[in-house]
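Notes to accompany the following structure.
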Amino acid sequence: MTWIIVAVALGVAGLAVLAVAGAKVLAAARGLSRELSDAHARISPAGARLHGQIGMNKAGEG
């Protein structure tokens, strides 16, 4: 009977460790998502200007 209690306790402890690791991964993924959206917001205006310049160059060639 003691071995069953020890096995259950170790199982619960293992699940707790996995839960903490999962929470850290989710927090890191949220941070990465935030950084990506910030980078996209900074890059978008320059990309739009570049596409505008490419369009003007192509129009002048034809």
Side-chain angles (χ1 to χ4, degrees):
M1 184 72 175
T2 307
W3 291 106
I4 295 173
I5 294 172
V6 170
V8 169
L10 287 174
V12 169
L15 289 175
V17 169
L18 290 175
V20 169
K24 287 184 180 182
V25 167
L26 286 176
R30 285 185 186 141
L32 179 60
S33 175
R34 191 177 319 116
E35 287 183 28
L36 286 173
S37 65
D38 290 346
H40 180 69
R42 282 184 277 149
I43 291 173
S44 291
R49 285 194 310 266
L50 179 63
H51 284 292
Q53 290 175 352
I54 290 172
M56 289 186 336
N57 289 341
K58 286 185 178 182
E61 291 174 2

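Worth saying up front: this structure is predicted, and the values here are computed from it rather than measured.
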> Out of curiosity, L10 CG to L15 CG, how far, rounded to the nearest 0.5 Å?
Replying inline: 11.0 Å
>> Using modelled atom types and a 3.5 Å cut-off, is there a donor and acceptor pairing between side-chain atoms of S33 and backbone atoms of A29?
In response: no
> Within the side chain of S37, is there an N or O that forms a donor-acceptor pair under 3.5 Å with the backbone of R34?
Replying inline: yes
